[in-house]
Amino acid sequence: MTRSMTGFARREAQGEWGELVWELRSVNHRYLDVSPRLPETLRALEPTIREKVAKYVGRGKVEVTGRLATTRSDRSIEVDTERLAALSAAVDTVRTNVIDCRAPDALRLLTFPGVQKDIEPDTETLQAAALESLDAALADLCDMRASEGARLAEMLTTRAEAIREHAAAVRQRVPEVRAEQAEKLRARLAEMDVEADPARVETELVMAAQRMDVAEELDRLDAHIEALKQALSRSEPVGRRLDFLMQEFNREANTLGSKSSDAEVTGHAVEMKVLIEQMREQVQNIE
């Protein structure tokens, strides 16, 4: 199955500890590069998160962002009485030494830093829920990458078949070009009214045919097309293999163009190179 390196996934999880949101983004990269961005409460999970991503993703730059909100509106507010007593004593001292200093109201005291106790969530429960939610997010990411990969595979296959059609057209055109070259040579000799050595004429025609012999290039193009289709059917990452194949495709198209002395054959070579470049750009996004 062909997979793209581009994808996005978002998952939410809720519990007594609060609400956690995972956002995963992946783009193309030569290797697997995992970049976790975690709240302090989940920082200890970073090695485990890297291992999990590696089980789902073979290649690409993956950003793993976790956002945790532990404050819940349905929870009671716990007051640090010692902190409140110290604050009250400090207020009394200020009011004793400052004339007309009003006492703060209860709500203002409640919002003073440290008066409300920070409720720490159950770390073990939170981490277990976070990893479970991350698995679901990674599965969503893989589904998106697979869907995009299927689209890319279809596009590559379509263009590969177009290359095959151009190659078939060149095969059909080559004998015609040879016959035309032979006819031109004989016509030129006739115009010059020169009696040429038949053996020498035959030798010249053979040499011209050898110079434009592109059978090997066409055969290799067909072989590359089959190799491309086989690669696209593999289950493991094939991006690097496809990138190498694109280089081979381009090499054969260049050689085909350089050997051509016929405008029609050259046109097919140019069209092949356009198709190959389109394929090469998309291959950069395949895992």
Side-chain angles (χ1 to χ4, degrees), residues 1-10 23-34 53-63 137-173 214-258 260 264-287:
M1 177 188 297
T2 305
R3 290 179 293 271
S4 169
M5 285 189 283
T6 302
F8 173 81
R10 188 178 190 275
E23 285 190 357
L24 310 182
R25 289 180 173 84
S26 68
V27 294
N28 58 335
H29 196 273
R30 291 187 63 188
Y31 309 103
L32 176 60
D33 181 10
V34 183
V53 174
K55 290 180 180 179
Y56 285 87
V57 178
R59 196 160 69 102
K61 180 177 178 60
V62 184
E63 292 183 359
L138 285 167
D140 291 344
L141 180 69
C142 287
D143 288 343
M144 183 175 182
R145 285 163 60 107
S147 177
E148 178 68 11
R151 188 188 67 80
L152 292 175
E154 182 179 359
M155 186 277 291
L156 292 174
T157 302
T158 299
R159 281 159 176 75
E161 288 302 324
I163 291 173
R164 193 196 297 275
E165 291 176 4
H166 284 292
V170 171
R171 275 198 178 91
Q172 185 175 357
R173 176 61 181 162
V214 292
E216 289 186 10
E217 287 75 13
L218 296 175
D219 288 342
R220 282 195 289 267
L221 281 171
D222 283 341
H224 296 337
I225 292 170
E226 294 306 315
L228 173 73
K229 291 184 175 182
Q230 291 177 9
L232 292 175
S233 66
R234 290 172 176 262
S235 58
E236 70 270 16
V238 294
R240 293 180 185 174
R241 181 187 295 271
L242 293 176
D243 190 53
F244 171 76
L245 273 175
M246 292 305 104
Q247 297 177 38
E248 295 303 304
F249 268 109
N250 202 51
R251 190 195 318 277
E252 305 308 333
N254 282 335
T255 304
L256 182 64
S258 65
S260 172
E264 186 175 330
V265 173
T266 300
H268 286 299
V270 170
E271 290 300 321
M272 287 182 188
K273 292 180 67 173
V274 171
L275 290 166
I276 293 166
E277 180 60 22
Q278 292 173 353
M279 293 166 69
R280 188 194 65 79
E281 290 177 356
Q282 296 303 326
V283 163
Q284 304 307 309
N285 294 321
I286 293 180
E287 183 181 48

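Model, not experiment: these values are computed from the prediction.
- With sequence neighbours excluded, no residue forms a side-chain contact (heavy atoms from CB on, under 4.5 Å) with Ser147.
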Tell me which donor-acceptor pairs under 3.5 Å the side chains of residues 267-275 have, and how far apart each pair is, sequence neighbours excluded?
{"residue": "His268", "atom": "ND1", "partner": "His166", "partner atom": "ND1", "Å": "2.9"}
{"residue": "Lys273", "atom": "NZ", "partner": "Asn254", "partner atom": "OD1", "Å": "2.8"}

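- Every side-chain hydrogen bond (donor to acceptor under 3.5 Å, both in side chains) that Asp33 has, sequence neighbours left out, goes to Lys61.
- The only member of Val57, Thr6, Thr2 that meets side-chain contact (heavy atoms from CB on, under 4.5 Å) when paired with Arg145 is Val57.
- The distance from atom CE of Met155 to atom OG1 of Thr158, rounded to the nearest 0.5 Å, is 8.5 Å.
- Side-chain atoms of Met144 and Leu141, non-hydrogen and from C-beta on, never get closer than 4.5 Å to each other.
- The side-chain hydrogen bond (donor to acceptor under 3.5 Å, both in side chains) test applied to Glu226 returns Arg164, not counting sequence neighbours.
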query: How far apart are the C-alpha atoms of Glu161 and Lys229, what are their side-chain angles, what is the distance that settles it, and do they pass the salt bridge (charged side-chain N to carboxylate O under 4.0 Å, His left out) test?
result: CA-CA 10 Å; Glu161 288 302 324; Lys229 291 184 175 182; 2.4 Å; yes
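- Residues satisfying the side-chain hydrogen bond (donor to acceptor under 3.5 Å, both in side chains) test with Glu148, not counting sequence neighbours, are Arg151.
- Remark: Glu216 pairs with Arg220 by the salt bridge (charged side-chain N to carboxylate O under 4.0 Å, His left out) rule, at least two apart or across chains.
- Looking only at side-chain heavy atoms (C-beta outward), Ile286 and Leu156 come within less than 4.5 Å of each other.
- Evaluation of the salt bridge (charged side-chain N to carboxylate O under 4.0 Å, His left out) test over residues 234-243, restricted to residues two or more places apart or in two chains, returns Arg234-Glu236.
- For Glu154, there are no side-chain hydrogen bond (donor to acceptor under 3.5 Å, both in side chains) partners two or more places apart in sequence or in a different chain.
- Distance alone, capped at 3.5 Å, is enough to place a donor-acceptor pair between the Gln284 side chain and the Arg280 backbone.
- Side chain of Glu287 to main chain of Met5: no donor-acceptor pair is present (N/O by atom type, distance under 3.5 Å, no hydrogens or angles).
- Residues forming a side-chain contact (heavy atoms from CB on, under 4.5 Å) with Asp219 (at least two apart in sequence, or on another chain): Arg171.
- In this structure, the side-chain contact (heavy atoms from CB on, under 4.5 Å) partners of Ala146, at least two apart in sequence or on a different chain, are Met1, Arg3.
- Each ring pair (Phe, Tyr, Trp, His ring centres under 6.0 Å) pair with one or both residues in residues 214-240, not counting sequence neighbours, appears once here: His224-Phe249.
- Annotation: side-chain contact (heavy atoms from CB on, under 4.5 Å) contacts of Ala227 (sequence neighbours excluded): Leu245.
- In terms of heavy-atom proximity, Tyr56 sits nearest to Ala139 at CE2-N, 4.0 Å.
- Not a single donor-acceptor pair under 3.5 Å links the side chain of Ser260 to the backbone N or O of Leu256.
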